[in-house]
S.K.: 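Can you read through this structure? Questions will come right after.
Below, each value reflects all heavy atoms present in this structure, side chains not excepted, and no hydrogens, waters or symmetry copies. Below, chains carry the letters A, B, ... as their sequence lines are ordered, and counting in each starts from 1.
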Amino acid sequence: MLNTIVKKEALETIVSYRFPLFALICLLLIPLGMSVNQADYGKRVRDYQEQVRLADAAAAALKIQDVMAGTVAIKGFRRPAPLSVFTQGFESTLPRYYEFTQDGFKPGESVGGGESILSVQGQVDFVFLVQMVVSLIALLFASDMISGEKEAGTLRAMLSNRLPRDTLLAGKIGGGFLALWIPFLFAFLIGAALLLLGAFPLFGGDTPARVATIFLASSFFVLTYFVIGIAVSASTAKARTSLVAILILWAAFQLIIPKMSDMAARLIHPVRTETEISLQKSLLVRSLDLETAKELGRQYDLIFGGASPGTADDEKSPERKKWDPIRDGIQQRAREQKSRQLAAIDETYLQEKRRQLNLALNLSLVSPSAAFARFSADVCGTGELERGKYLDAVRSHQNTLETELFSKVKRTLMIHGGGGTSMSFTAMPVDTSKLPKFAITPASLAETFKADGRSIFSLAFWLIVPFGFAYFKFVKYDVR
Amino acid sequence: MVGTIARKEIAENLLSYKFFVVILLSAVLIFTSLFVMARDYTGRVADYQLIKPKPGEPIAVLPPNPLSVFAKGLEDSLTRSFEPNFNGIEARTGRSSANNVFAFFPAPDFVYIVKVVLSLVALLFGFDLISREREAGTLKLVLANPVSRATLLFGKWLGNMLSLGVPFFLITGLGLVVLSLDPSFRLTASGFGRLILILAVSLAYLALFLSLGLFISSVTRRSASSLVVLLLIWALLVFVLPNTGTLLARQIVELPSVRAMQEKREQIWTREILLTYSDRGNRDAHFKTMIDEIDLLEEDYRNIFDRLVRLAKSLNRISPSAAFVYAATEIAGTGAGEESRLKREVVRYKNQVLESGTLEGNRAPAFMYSYRSVGTVMAEGGLFDVAWLLVFNILFFGAAYAAVVRYDVR
Amino acid sequence: MIPANPILKADDLSKRYEDGVLALDHLNLSVRAGEVYCLLGANGAGKTTTINLFLNFIPPTTGTCFINGIDVTKDPLEAKKHVAFVSENVMLYGNFTARQNLDFFAKLGGKSGLTRNDYYRVMRRVSLQEKAFEQRVKNFSKGMRQKLGISIAIIKDAPAILLDEPTSGLDPKAAEEFQEILSELKNEGKAILMSTHDIFRAKDIGDRVGIMKEGRLVMERTREELQTGDLVKIYIDYMKSEPLAV
Ligand SMILES: Nc1ncnc2c1ncn2[C@@H]1O[C@H](COP(=O)(O)OP(=O)(O)OP(=O)(O)O)[C@@H](O)[C@H]1O
Ligand SMILES: [Mg+2]
């Protein structure tokens, strides 16, 4: 019995006038989106390699004086994520590189920065197409599966046979979805074949697992929307009403909830801007440096005030023996205080931001679309997870550089009682070619699953609940 | 007669729950968008106060544009700070106002809401105008009266345009009133004029979707099927087509890679620097040729890039959504045209600073920039986009007319 | 006392649909002022097609329809000023009340300046229940909608009225009342063309009765001629006989 229904539903879907449209959209857009994004990715990788080469060459010739003067910066580049061919995510908004200096790190230009003109209209990639276009089509196909049959009177005719309603419903969902899924699968396979033709490393490391995960997630996502469509169809009496209801639901899930959650989070947990923070930090640094310089000057004057000129340069003089540890102590304390206070500012800011982000995230997960987009971006290494890993790597690299390089350079600024200033440098030799390389440890697939528990939960919720709802509604459906 | 039909359409809309759900939804969206974007704007203004160059500092940075609340466009790129130096110009991103959750999506500004959500609303108004009347049998009754089909069509169009446009203006107006209570948000008279223009263009954009709805509703027999067809067309017009042009253009126009650019730059640099040593007398001249050639290199790049942008734009215009976004952002002063003009102005400023030798002494002239006037914007492509939207309007309405005249009323 | 020139006139009317079906085959028919003409015929005989042609909903293949002497294809708008129409099974505007529906169609028919009471009067005349006047039509029964459809035709006050199976779905009492309304309208001098399957009522009410078969008018009798014969028998006989050889 179930077989008959599945076959009939699949056939009915395939012969409907929308099916060729759908198949065309899938088979055209999905492979196109993938291969175009691959071309883009290739270009980004070439640019990346070139920039890394240049930066390495610059680093090899790096002189400690340049670092002191701040004329050259040490850069750490992020390698473009290969799987960005499936979803761009944050790929074009993340900075290409970070610059590391004595005073901290700062982001360079993002990939999209220079070419933002081209992205005014948004991006088209596989995940976007699935999320916006395929989901809409799945809803449309499902929208009249029940109310349409009622209007045509065939529902009554079917149910006048010995056919349990749950079998009918299962057959409808199975058959209808199958007819949608096959062209989708083909589109994906064609896209993957195109990727392989373009020498995309599809079979390296855990890439196959990730690609399979994306495809499975997309399939489940489309099924989710299909079942939601059936559920709406089973709760309305007219095909037209179900369409309007479905449309509003779709707009809410795709456009409104994700946007609104972001807006709401910004209202509930406002955060200061990055400029404000960096200004606050530089003000703090300046005032601390000033204080230190004054303190140094005062001590210096106390020690060398009565001594004859030249004692300051004589390493063996008693004044000098007294002065060196005092100076080092003051500088050590100052450095500690500075880094403590800067870290405190960073930490509170980070917490504020994290709180806002978490709120926005949790609110947005009400929508399965948001959950799907997040999850697939994380699987592809272009999502929130990657952004966090990138920043972590930048922070730890800054710390490494701090001990390996920046601390080897000492700059002593003094402000004396009379108001005069003096400055001296000391630098220890550093082999700049031995400096550690900047690298981001990517999140493993298991880690991704763990981090995205909430997204997965949201997706599962939206798959199961409409199923139950559709069943509940259909059993009581007024077939007249 | 047109009046009677239009009034009936309005009354019918006012009596349907669909109308209220849809209008309420749009109102909530527009209000939140205005509110959030205005906050974003005031945040950026505060930032600007912090990073604003002091007199004599050789930095070019534009203050945030209040119209970016409505059309964000390339505002983030326009309000970067540009610092001229001997190697060229260093651009620094100010505050990135990218979305937290969905950097994948453009900012939820007014233009986005009109482009995506309100176009859908216009379709919802239009999708069953003819087919539903046929289903209800009223089409026959109406046409049994001395009403021509053209009158009927126009009356329906007018009635629904009013039911769509009046709430649209009321909601936006109310939003504006609330915005104007915020002292940090100030629109000049000309800014206000631009805003009105944006609203007018938005209305033209929505009208086109209404006509499209009318058209499809008069080539289909059942209103359910007209909606399905319309949604597919809508998804294509709003999401897919506005990007395919860019994708295609990227394949056609090859941008020089960072590598090529860097190598050329290095060649020039080494050559001229070596010359400055061997030919000490003409040191300044060599510096100047170096700067000029590097400028030329950048200029070349920009020209290719501009060609890419132009091609992408022309291709994207297959979709009226693209034309609408271009027109609205250009009028607001956040469009690609403004961006490319700003970049050229910055290059000019850099040369001015370098020539006057005021790069170091903090005595540099201030960077002056005034947005293109509406007239210029219109002349430089804005008018074309607006006209293009009107062409779509005429096309769809004409198609609707042709279809209604042939429509089988039974 | 019937005036000579007909208000509704079909002249050599033929209609062949795009798919080749010949729905009307050289039909000649006329209805004078103050006359009720009933069209009988099996399903698919071409009754609705005739009425659609009179309303210029479809163009004729040959021949002409005249309303009040106006050629319907040449000047459809002018012609439609002179005709009111009741269709079978009309849904009307579901979200409007009965009065709002009436108001709209009255205005379309060129009747402006009517008051609420005028509408109520017409609705009372078709014996729609008072409490339905200001209710949304969405939940009306088929008969109630049909009554409202008739009142829409009445309020237009046109010299010709076309009715396509107006009594389908009416309860017996309502059908009786409908018959009375028709005779009132007839006495006001309207020319009425009605398609129906109700032979008995056709016999009672029709001044003339025509029977259609496969697009042709195979019989036409006046009331006087019918007094003697049994219409049911005539009808059945015509239906049974083989297609007439021309
Ligand atoms: N749009 C159409 N296209 C093709 N043929 C049609 C069309 N409409 C009607 N017909 C054909 O024209 C013929 C006459 O149909 P019509 O609707 O006039 O019959 P009718 O007398 O009104 O029947 P009923 O009593 O069922 O209402 C039928 O054979 C029908 O199949
Ligand atoms: Mg009929």
Side-chain angles (χ1 to χ4, degrees), chain B residues 1-23 124-125 128-156 158-160 163 218 221-224 404-410, chain C residues 17-18 48-49 51-52 54-59 67 70 72 75-97 100-112 136-138 142 145-146 148-150 152-153 155-156 158 160-164:
Chain B
M1 209 49 104
V2 170
T4 313
I5 294 171
R7 256 198 302 278
K8 180 225 111 191
E9 288 295 324
I10 295 171
E12 223 187 343
N13 279 332
L14 287 177
L15 287 171
S16 75
Y17 78 98
K18 178 182 91 188
F19 179 79
F20 284 102
V21 171
V22 158
I23 293 294
L124 277 184
F125 272 78
D128 60 350
L129 286 181
I130 303 289
S131 43
R132 190 192 45 202
E133 292 233 17
R134 187 199 67 83
E135 283 169 341
T138 43
L139 192 59
K140 271 166 131 185
L141 283 187
V142 168
L143 287 177
N145 288 296
V147 179
S148 73
R149 294 186 181 205
T151 315
L152 177 70
L153 187 71
F154 186 64
K156 277 181 166 294
L158 186 67
N160 283 286
S163 336
S218 47
R221 304 290 291 162
R222 292 178 53 231
S223 48
V404 161
V405 167
R406 286 197 189 84
Y407 197 70
D408 186 352
V409 299
R410 289 155 304 154
Chain C
Y17 282 105
E18 292 77 10
T48 304
T49 302
I51 289 176
N52 282 342
F54 266 109
L55 289 165
N56 196 38
F57 287 164
I58 45 179
I67 296 175
I70 302 160
V72 167
D75 194 354
L77 294 190
E78 187 58 31
K80 284 178 192 177
K81 279 189 189 158
H82 304 280
V83 65
F85 169 58
V86 179
S87 72
E88 60 181 320
N89 194 20
V90 58
M91 301 299 291
L92 298 164
Y93 296 113
N95 279 331
F96 281 1
T97 65
Q100 283 170 322
N101 268 294
L102 199 50
D103 177 57
F104 171 63
F105 283 108
K107 285 195 179 121
L108 282 189
K111 297 278 172 215
S112 46
R136 290 194 179 198
V137 168
K138 211 187 307 195
K142 185 168 183 230
R145 286 202 304 268
Q146 205 62 23
L148 190 54
I150 295 164
I152 286 171
I155 208 154
K156 190 171 178 184
I161 303 177
L162 300 169
L163 304 104
D164 197 359

S.K.: Determine whether B/V142 and C/F104 make a side-chain contact, defined as any pair of heavy atoms from C-beta on separated by less than 4.5 Å.
M.R.: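 Touching, per the 4.5 Å side-chain cut-off.
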
S.K.: Let me know if C/I58 has heavy atoms under 4.5 Å from chain B in its side chain, its backbone, both or neither.
M.R.: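 For C/I58, side-chain heavy atoms alone lie under 4.5 Å from chain B.
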
S.K.: So, taking the atom named OH in C/Y93 and the one named OG1 in B/T138, what distance separates them when rounded to the nearest 0.5 Å?
M.R.: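 OG1 of B/T138 is found 4.0 Å from OH of C/Y93.
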
S.K.: Hey, could you give me the NZ/CD distance between B/K140 and C/E88, rounded to the nearest 0.5 Å?
M.R.: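 CD of C/E88 is found 6.0 Å from NZ of B/K140.
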
S.K.: Which pair of heavy atoms, one from B/A144 and one from C/F85, lies closest together, and at what distance?
M.R.: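 That closest heavy-atom pairing would be CB-CB, 3.6 Å.
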
S.K.: How long is the span from the NZ atom in C/K156 to the CG atom in B/L141, to the nearest 0.5 Å?
M.R.: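 With rounding to 0.5 Å, NZ (C/K156) is 10.0 Å from CG (B/L141).
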
S.K.: Answer with side chain, backbone, both or neither: which region of C/Q100 has an atom nearer than 4.5 Å to a non-hydrogen atom of chain B?
M.R.: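 Side chain only.
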
S.K.: Looking at CD of C/E18 and CG of B/D408, how far apart are the two atoms once the value is rounded to the nearest 0.5 Å?
M.R.: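 If we round to the nearest 0.5 Å, C/E18:CD and B/D408:CG are 7.5 Å apart.
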
S.K.: Is it the side chain or the backbone of B/E135 that comes within 4.5 Å of chain C heavy atoms, both, or neither?
M.R.: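 Just the backbone, heavy atoms under 4.5 Å.
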
S.K.: For residues C/K107 and B/T4, report the shortest heavy-atom separation together with the two atoms involved.
M.R.: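 Of all heavy-atom pairs spanning C/K107 and B/T4, the closest is CB-CG2, 3.4 Å.
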
S.K.: Are the side chain of C/K80 and the backbone of B/V147 linked by a donor-acceptor contact shorter than 3.5 Å?
M.R.: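 Flag not set: sc C/K80 to bb B/V147 has no pair under 3.5 Å.
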
S.K.: Side-chain contact, heavy-atom cut-off 4.5 Å: B/K8 with C/L108?
M.R.: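 SC-SC contact between B/K8 and C/L108 ruled out.
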
S.K.: Hey, what do you get for CZ (B/R149) to CG (C/N56), rounding to the nearest 0.5 Å?
M.R.: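 The CZ atom of B/R149 sits 7.5 Å away from the CG atom of C/N56.
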
S.K.: Name the member of C/L92, C/L55, C/V86, C/V83 that forms the most heavy-atom pairs with chain B at distances under 4.5 Å.
M.R.: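 Ranked by heavy-atom pairs under 4.5 Å with chain B, first place is C/L92.
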
S.K.: Are C/N52 and B/V409 side-chain neighbours, meaning at least one heavy-atom pair lies under 4.5 Å?
M.R.: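 Result no, sub-4.5 Å side-chain heavy-atom pair not found.
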
